[in-house]
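One structure below.
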Amino acid sequence: MEFLPFTRPTLDEATITAVGDVLRSGWITSGPKVKAFEAALSEYFGGRPVRVLNSATGGMEVALRLIGLQPGDEVITTPLSWVATGNVILNLGAKPVFVDIDPVTRNIDLEQIEAAITPATKAIMPVDLAGLPVDRDRLYAIADRHGLRVIEDAAQSMGSSWRGKRIGSFGDLISISFHANKNMTTTEGGCLVLNDESQIPLFEKLRLQGVVRFPDGNMDVDVAGGKYNLTDVAAVIGLHQLQQIDAFNAKRKMLAQHYFATLDRSLGLGLPLDDMENSNWHMFQIQLPLSDLTIGRGDFIQAMHAKGIGIGVHYPAMHLFTLYRSLGWKEGDFPHAEKTGRETVTLPLFPAMECHDVERVCKAISEIVSAHRR
Ligand SMILES: *Cc1c(COP(=O)(O)O)cnc(C)c1O
């Protein structure tokens, strides 16, 4: 039987042809396709200004520089995310302040944010794990009450919404990823949704070496920008993916519903929140009942692999990585994030799958869990 990976991008022949056209055009790095992609994204996000970059990590770094984050400042975030979320804060000399997750949503526990605010707090960086949005009403109420900026690490949230409003169409600064595994891709890439046009000049300087060009051919630099520009080769892929994102997400939602209908509830698996309104179903993640099993997560993943099924791990709690431990975090600091980070596996979910693939995954899980119960 064919190997079923946990994710796979859907790239059609029209996209591949368009990439060839860019390669033949003579202009392959940032140019007209980047401009067209930014305009199309802006339309998707209700007219807000949008700029693309070569990663969402870069987008978050630029966002933190845009809000003037200084060494010593604090940013409140979740320990249960891709480590980029913490690293971008550290890389600016600032301090991530982790708040434990709500074990039901697996996102930052909004109840605990206010207790973590200090005079050094400048911003909150919420993460929509698996594409399930953090409650934007409560989040922005907290930010407004304390005068904090919000940089939404919406890396996984392309096409998610909050109470009928698309993520990215409202709020402060929103960073979205187009990494190969996300719901739409540019191979690598991302975008940042800005508040207003006045932020564009500084954003564009920070994106590419701080350079400002003048009509007479001269240039000047007054800020040390980075190297974050997206190529036209990548942007043309994004233009094609953007046309399909809503269809991709509809298919993901259908497959997620099929997981809920098919997974054997007697196995004791921890299921994700059943949100068919807001989530883009970036991932379908279950928690293994490890205390009832004679095998560990690694053995489970291997056993699934032996049945031709790929399983992902997203993510171990980041405060337990060596770097973060060396900065003072330790086991027990965020018990819900640690437990969820240890037990969670990501099941195959991508638009080219069909219901029979979901059924095959569910059957394999049943067989493995049943065979290794205590
Ligand atoms: C993918 C991801 C990122 C990083 O995106 P890149 O485009 O790979 O830089 C950041 N945060 C989260 C939650 C992600 O899933």
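Ligands are counted one by one from 1 in listed order, and the atoms in each one are counted from 1 as well.
Here Lys182 has side-chain heavy atoms under 4.0 Å from ligand 1, and that is the only part of it that gets that close.
Near Thr57, meaning under 4.0 Å from one of its heavy atoms, ligand 1 places the atoms 4 (C), 6 (P), 9 (O). Within ligand 1, counting atoms from 1 as listed, the ones closer than 4.0 Å to a heavy atom of Tyr315 are 15 (O). Of all atoms in ligand 1, listed by their number and element, those nearer than 4.0 Å to a heavy atom of Gly189 are 7 (O).
Ala155 CB, 3.3 Å is the protein heavy atom nearest to atom 12 (C) of ligand 1. Of the protein's non-hydrogen atoms, the one nearest atom 7 (O) of ligand 1 is Ser177 OG, 2.7 Å. Residue, atom and distance of the protein heavy atom nearest to atom 13 (C) of ligand 1 are Ser81 OG, 3.4 Å. Of all protein heavy atoms, the one closest to atom 3 (C) of ligand 1 is Trp82 CD1, 3.4 Å.
Checked against a 6.0 Å centroid threshold, the rings of Phe284 and Phe260 count as neighbours. In this structure, Phe3 has its ring center closer than 6.0 angstrom to the ring center of His305.
The backbone N or O of His179 lies less than 3.5 Å from a partner atom in the side chain of Thr185, making a donor-acceptor pair.
Considering both main-chain and side-chain atoms, Gln156 comes within under 3.5 Å of ligand 1 through a nitrogen or oxygen pair. Every N/O-N/O distance between Val127 and ligand 1 stays at or above 3.5 Å. Between Asp153 and ligand 1, an N or O atom pair is found at a separation short of 3.5 Å.
Residues His282 and Arg252 approach most closely at O-NH1, 3.1 Å, considering heavy atoms.
Relative to the six-membered ring of Tyr44, Arg166 meets both conditions, a distance below 6.0 Å and an angle of at most 45° to the axis.
Using a 4.0 Å cut-off between charged side-chain N and carboxylate O, Arg374 and Asp292 make no salt bridge.
Between the side chains of Glu359 and Thr262, no donor-acceptor pair is found at a separation under 3.5 Å. In the model, Trp162 has a side-chain atom that pairs as donor or acceptor with a side-chain atom of Asp137 under 3.5 Å.
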